[in-house]
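We're numbering straight along the sequence, starting at 1. Excluded from the calculations below are hydrogen atoms, water molecules and symmetry mates; all remaining heavy atoms, backbone and side chain alike, are included.
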Amino acid sequence: MAIALIALLLMELVLQMAWNRLYFVWGITLFDRRIAAPADARARLTPGSLERDLATGQGATLAFHRFPDGLVAFRGSFGFAQRRYYPLMRGLIMVDAERNQVRVLGLCSWFPVAFVLALVPIIALRPSAAPLLLLPVIFVIGYVIQKKQFLAVVEAIRAQLDDTPMDVIMAERLQARGRH
């Protein structure tokens, strides 16, 4: 079972690095936001500027990739000097012209789900492995942390659609934090 989990982890990393379209569109949805966007605003949505707008220099950054069919995927950057944690989420940005909206999805990575599912037989066979039950709690904490990244992507998209500079949004956030 350990070999299967390691193989899944490596396969997932390869699919992420290769920007495999099927990997980025299929999965368990953790976060889902819809943003109203008329046609002229949707034309301003570009992955390169999202990457620039979200670069913080404080650690993990996000990388964006546009697929030929117009979908935009995002994931944690593979700048290994910056990596502080295993990315538990990948995302997808879809433009829905019929509904005049942009939909942003945060999808669960495969490895944490497989690992949690593997815990049941592991603990059944070896009750001394019960402390491993703390790992799902750590995964949940990781998803809460990555939800902040997801919400930052949503805000950056709103800024692009509204044509509001990201530095103005960041200044507003800092002012709001100073009031509390």
Would you give the length of the straight line joining atom CG of L134 to atom CG of L119, rounded to the nearest 0.5 angstrom? 10.0 Å

With heavy-atom distances below 4.5 Å as the criterion, would you say the side chains of F31 and L105 are in contact? no

Closest non-hydrogen atom pair between R158 and R34, with its separation: NH2-O, 4.5 Å

Can you get from I6 to L13 by hopping between Ile, Leu, Val, Met, Phe, Trp and Tyr side chains that sit under 4.5 Å apart? no

Using a 4.5 Å cut-off on heavy atoms from C-beta on, say whether the side chain of I35 contacts that of L161. yes

Considering all heavy atoms, the nearest L50-A156 contact: CD2-CB, 3.8 Å

Please check if L10 and M17 belong to a single hydrophobic cluster, counting links between Ile, Leu, Val, Met, Phe, Trp and Tyr side chain heavy atoms closer than 4.5 Å. no

Would you please test V102 and R33 for side-chain contact (heavy atoms from CB on, under 4.5 Å) and show each step? CA-CA 8 Å; V102 174; R33 293 288 190 274; over 6 Å; no

Do L62 and R75 come within less than 4.5 Å of each other through their side chains, counting heavy atoms only? no

Side chain to side chain, F74 and V153, heavy atoms closer than 4.5 Å: yes

Do the non-hydrogen side-chain atoms of M89 and K147 ever get within less than 4.5 Å of each other? no

Is there a path of hydrophobic side-chain contacts, each under 4.5 Å between heavy atoms, that joins I138 and L133? yes

Would you sort out whether V140 and V137 count as a side-chain contact (heavy atoms from CB on, under 4.5 Å), showing the intermediate values? CA-CA 5 Å; V140 169; V137 174; 5.7 Å; no

Supply the atom-to-atom distance E155 CD to Q160 CD, rounded to the nearest 0.5 angstrom. 12.5 Å

Rounded to the nearest 0.5 angstrom, the CG-CD1 distance for L8 and I3 is 14.0 Å

Linking I/L/V/M/F/W/Y whenever any side-chain heavy atoms sit under 4.5 Å apart, do F150 and V113 land together? no

Please walk me through it: do R103 and D96 pass side-chain contact (heavy atoms from CB on, under 4.5 Å)? CA-CA 7 Å; R103 187 173 179 197; D96 186 349; 5.9 Å; no

Rounded to the nearest 0.5 Å, what separates atom CG in L5 from atom CD1 in I122? 6.5 Å

So do Q16 and S109 actually touch side chain to side chain, heavy atoms under 4.5 Å? yes

Are the ring centres of W19 and F67 closer than 6.0 Å? no

With a 4.0 Å cut-off on N to O distance, would you call R21 and D69 a salt bridge? yes

Under 4.5 Å between any side-chain heavy atoms of I93 and L71, yes or no? no

Treating Ile, Leu, Val, Met, Phe, Trp and Tyr as nodes and any side-chain heavy-atom pair under 4.5 angstrom as an edge, say whether V14 and L9 lie in one connected cluster. no

When you measure from the side chain of Q101 to the backbone of A37, do you find a donor-acceptor pair of N or O atoms at a distance under 3.5 Å? no

Closest contact, heavy atoms only, G91 versus F24: O-CD2, 3.9 Å

Heavy-atom distance under 4.5 Å between the side chains of L132 and L135, does that happen here? yes

So, for P127 and A124, which heavy atoms are closest and what is the spacing to 0.1 Å? CD-O, 4.4 Å

Look at atom CG of L117 and say whether more than 12 heavy atoms of other residues, nucleotides or ligands are closer to it than 6.0 Å. yes

Should the heavy atoms of other residues, nucleotides or ligands under 6.0 Å from CG of L125 be counted, would the total exceed 12? yes

Minimal non-hydrogen separation, V116 against P136, with atom names: CG2-CG, 3.9 Å

Measuring from atom CG of N20 to atom CE of M11, what distance do you get when rounded to the nearest 0.5 angstrom? 9.5 Å

Measure across A129 and I123 and return the closest heavy-atom pair with its distance rounded to 0.1 Å. O-CG1, 4.0 Å

